[in-house]
Every structure is written in structure tokens, then in C-alpha cells.
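Written below as C-alpha cells is the structure these notes are about.
Just so it is clear: chains get the letters A, B, ... in the order the sequence lines come, proteins before strands, and each one is counted from 1. Reckoned from all heavy atoms, side chains included, excluding hydrogens, waters and symmetry mates. Note that the structure is a prediction, hence the values are computed from the model and not measured.
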There are 2 protein chains.
Amino acid sequence: MKPPPDSSQDTRQRLLEAAVLLFAQKGFDGVGIREISQKAQANSALVQYYFGSKEGLYLAAMSFLFDQGIDSVAALPAPPSLDEPEAFAKALDCLKGYIHAFLEELFACHDPAKCSRELQSAAHLFWTRELMEPAAGRVDIILGHVRPYADYLAACIRVLRPDLAEDAQFLMGSSIHAQIMFFHRDMSMISLLRGSAYGPQDVGTLATHITEFSLRGLGLGNTLQGVQ
Amino acid sequence: MKPPPDSSQDTRQRLLEAAVLLFAQKGFDGVGIREISQKAQANSALVQYYFGSKEGLYLAAMSFLFDQGIDSVAALPAPPSLDEPEAFAKALDCLKGYIHAFLEELFACHDPAKCSRELQSAAHLFWTRELMEPAAGRVDIILGHVRPYADYLAACIRVLRPDLAEDAQFLMGSSIHAQIMFFHRDMSMISLLRGSAYGPQDVGTLATHITEFSLRGLGLGNTLQGVQ
DNA sequence: TTAGGTTAATCAATCGATTGATTGAGTCAA
DNA sequence: TTGACTCAATCAATCGATTGATTAACCTAA
């Protein structure tokens, strides 16, 4: 019965979402609190009121973003343990699903300014940006977001190549992650070199390529015949 | 017989080199011309005198950097053409050499602040940074630097997998480039997840891993038996 | 129900600091 | 003298942050 309450948390939320998009696009130094407040249709003083400082808003934006982004990995079936029956086949499915889900998440929208699922993909811009110049205090937030991804992939590889040493398994996982993220991060360069960009409609193609390339790279090329 | 001439071009050069290192580290918005001038032991007004503006200095720094960085690729033997005798074996060697040379260049120094060959590796920080938010006018400079790399790898793959369509060949090249750059760009994350970072002493290990992973990924796993 | 008091939320105005850029005087070799 | 070069001083603009006033909602005693 109440008219739009429009109370505190609404404005705070608008500031947070505007901050997420602008920080992801332009970085911490690239945006001012005036621009953020304007996009959020709020007063710039509210940044200090709600978040203490511009840095506080930045940290809040990252946390806000990562807290609701883990879904795509958590939604996948848990990777099997080594002694589980049919562990190998399950790990294979997990790996394929992981590659596809990760790509889907990244390509939900490549341009955060034009997409409704913009928040989902903006998280990885923070990820990339923060890892280029890690700042004290921010590292933990990023790491908390990254670790589930790394752990999931590592668990798959542990089952698929239990004969490898841990170092070698880590290298394998890195090679796979490298490919997944490359097609998102370096889209600008790909677009320039290739003439056109990969978009959400290419997720299937990219997932297939990365999966096949990586399974062969893992030394499991024989498993491709029976499946592909 | 002259005491340090300290003439114009010397100051200009000092500004350029200071700009390269600081811009690569902190990005365009992260550094001020005062900080750059101080590091270069020059007056901040000289930025306008020599380069017109801060942006002019930034562009000059990128050009300066990329003009002298192509050596590492140009030093490699030219990739063979398709009809050349022993083209396959040559392309194989070129690919291996390329992966190693590229990694060597990237890992010449990971921390541009502490390294004598700092300029070499700083170029790729520009590369990564610029591709995240491409600005008009800067894209061409980056592309001019990237293209020789992309072309070299593409030429190798064309010989190694002539049966593939051009699109598929591009995907193969992307998967290889993705791995090479991942271990450099995401060193911060790797260091956090793995406990320690890869350094210049690990170039051999990384090159071997990427080469083997990629050759299997390319569907050339059989060639590894005879070599590795 | 009403009047007075308390609180959180929001605002315009302004702060000191820093930014990139400009100026005009100065230096020094040719 | 001339012209290329360098400097301290200064500019307007913008930055993040602070302030004091204003609004609206709720609580409570009369």
C-alpha cells in the first residue's frame, strides 16, 4: 500500500551498481565519485555517508559483485574424488561443463554498458584489472572469488591425470584457464586481428575448441573419439 | 672533452624512459607528469615542450617501446611456406622457438621497477592495459606491435595443420598465445594460488610445458615422441 | 490526535589538495 | 644576437572529502 519507499537501501544500491559498472569499465582512477553519483542519480556526498570513502565504495563494489557471481560454478555438479566409481567419466563431464559454464559467464555480455546481465561479466573486468596491480586489502577479495574456479578445475585434473605431479597438474589447469580467459580479455585484439569479435553466439564454438584442444593437451585425445 | 653535454635529446630521452616505466606500472591515469618529471630529473613543463601534452608523452612512450621490441621475433628464423621442402619440420622448430622466445621476452623481468631489461617487458604491460580499454589513436600503435607476433604463429600453424580451415587455425593460434601470455599477466594470481611465482629461471619449464601441451592440442602429439 | 523530539537520509556549497597546462624569465652554445 | 632549451611560478579545472542545513519518517508523552 505504501508508495515506493525509496528509502536508504535503494540509493545505496544504486550507488553500488553504478560503481560496479563504471569501476569495471574505467578502473579506480578512471572514474570520479561525481560521475558515479550522477549515474546513480544520487548526491556525491552519499559516497562518504554510506561507504566512508571512494576506496570503500570500490571495495564494496567488488564484494557485492563477487558475492553473487559464484553461482555459475556452484551450479555445476561437484567434481568426483579419486576413489569414486566412474570418477574418470564424471571428471570428464565436469571439465567439459566447467569450460562451457565459464565461457557462458564471461560472454553473458562482453560490453558491460549494453547488457542486462552486465554485472555478471563485469566481475571479470575487476579480476583482470586488480591482478595487474594488486593493492593491499583488495587481494583477498579477488582471491576469494578466484579460488572456487581454480579448485574446481584442479579437482577435475587430479582425477583425469592422477599420474602427474602436483606442479604438472597446476600447469595443465593454467593452460586451460588461460584459454578460457583469453577469448574474453583479449577480445579487442582478436577483433582487430580477425576482423570480427566473438560474441555470446560463439560460446558453443569456443567451448568445443577449448575442450578438444585441452583434452588432447592433457594427453586424453583418445577420449575424444568416443564422444565427439 | 666536453663535460656531460646534457643537451636536449638527453632530457627528452630521460623523460621518455621514465614515462615508459611509470605508465606501464600504473597506467595513464595512475601517474602524473610531476612524478614522471621527478623520476627523469627534469622539469614538468618539458612534457608539454617536447610532447605537447601528457597524452602525447604516452603515445610517444608506446611508440618508443614498440619500435625497439620487435627484435625478439625478428631474430627468429622465418617460418617456412607451405611448398617449401621440409616445411613441416621447420615449422615445428619455429613454433618451439617462438614459444620460448616469447616467454623469454616476457620474463626478461616481471617487475619493471627492478630490472635492467625493464623496457622489454614493459611493452606487454601496455599491451594488456590498452586492450582492456582501447582508445582511438592508440589502437594502431598496439596493433603494429601485436601483428608480427600473430602473423608468425599463424604462419607456423598454417604449415603444421594445412588441413584446417582458417577459422580453426586462428583458434589454435589463440590457444597457444593465451597460454604464453597467461603465465606473465596472471602472475599475481598464480603466485597467490600456487604459493610462489614463476620467474625467469622457470622459462624453460614453462616453454616445455606449453610446447608439449600445444603440440598435443594441435593434434601433433605423435611428433613429441621422436623429439622429447 | 497532536505536538515535540529523535533519527537516518539527502542535499547544495565548499574545502584543501592535486591535476595538466601555461607563462615569462632565464641559461648557454652558436 | 639568435634560437634551442630549461626553469620556477602560476593558471584554471577537477579531485575526494567535509560541512551545515533540510527533509521525511518514526517515536513518545500529553
Taking side chain to side chain donor-acceptor pair (under 3.5 Å) as the definition, give me every residue that meets it alongside [X], ordered by chain and number, with sequence neighbours left out.
| X | answer |
| --- | --- |
| B:K54 | none |
| B:E55 | none |
| A:S174 | none |

Whole-Å gap separating [atom2] ([N]) and [atom1] ([X]):
| X | N | atom1 | atom2 | value |
| --- | --- | --- | --- | --- |
| B:R12 | D:dA4 | CZ | C1' | 14 Å |
| A:L15 | C:dA9 | CG | C1' | 12 Å |
| B:Y49 | C:dG26 | OH | P | 18 Å |
| A:Q41 | C:dC11 | CD | C1' | 15 Å |

### With A:F28 via ring pair (Phe, Tyr, Trp, His ring centres under 6.0 Å) - residues at least two apart
A:F23, A:Y58
### Query
For B:H100, what residues pass the ring pair (Phe, Tyr, Trp, His ring centres under 6.0 Å) criterion, not counting sequence neighbours?
none
### Query
For the helix from C:dT1-D:dA30 to C:dA30-D:dT1, what is the angle between the axes at its two ends, each from 5 pairs, rounded to 10°?
10°
### Task
Starting at the 5' end of nucleotides 12-25 of chain C, put B wherever the base has a protein heavy atom under 4.0 Å, S where only the sugar-phosphate does, and a dash everywhere else.
B-B----BBBBB--
### Message
One thing to verify: whether A:K26 and A:E35 come together as a salt bridge, which I'm taking to mean a side-chain N less than 4.0 angstrom from a carboxylate O.
### Response
yes
I'd like a table of donor-acceptor pairs (distance under 3.5 Å, sequence neighbours excluded) in which one partner is a side-chain atom from residues 41-48 of chain A, with atom names and distances.
{"from": "A:N43", "atom 1": "OD1", "to": "A:A45", "atom 2": "N", "distance (Å)": "2.8"}

### Task
Please identify each residue that fulfils side-chain contact (heavy atoms from CB on, under 4.5 Å) with A:A18, with sequence neighbours left out.
A:I36, A:K39, A:A40
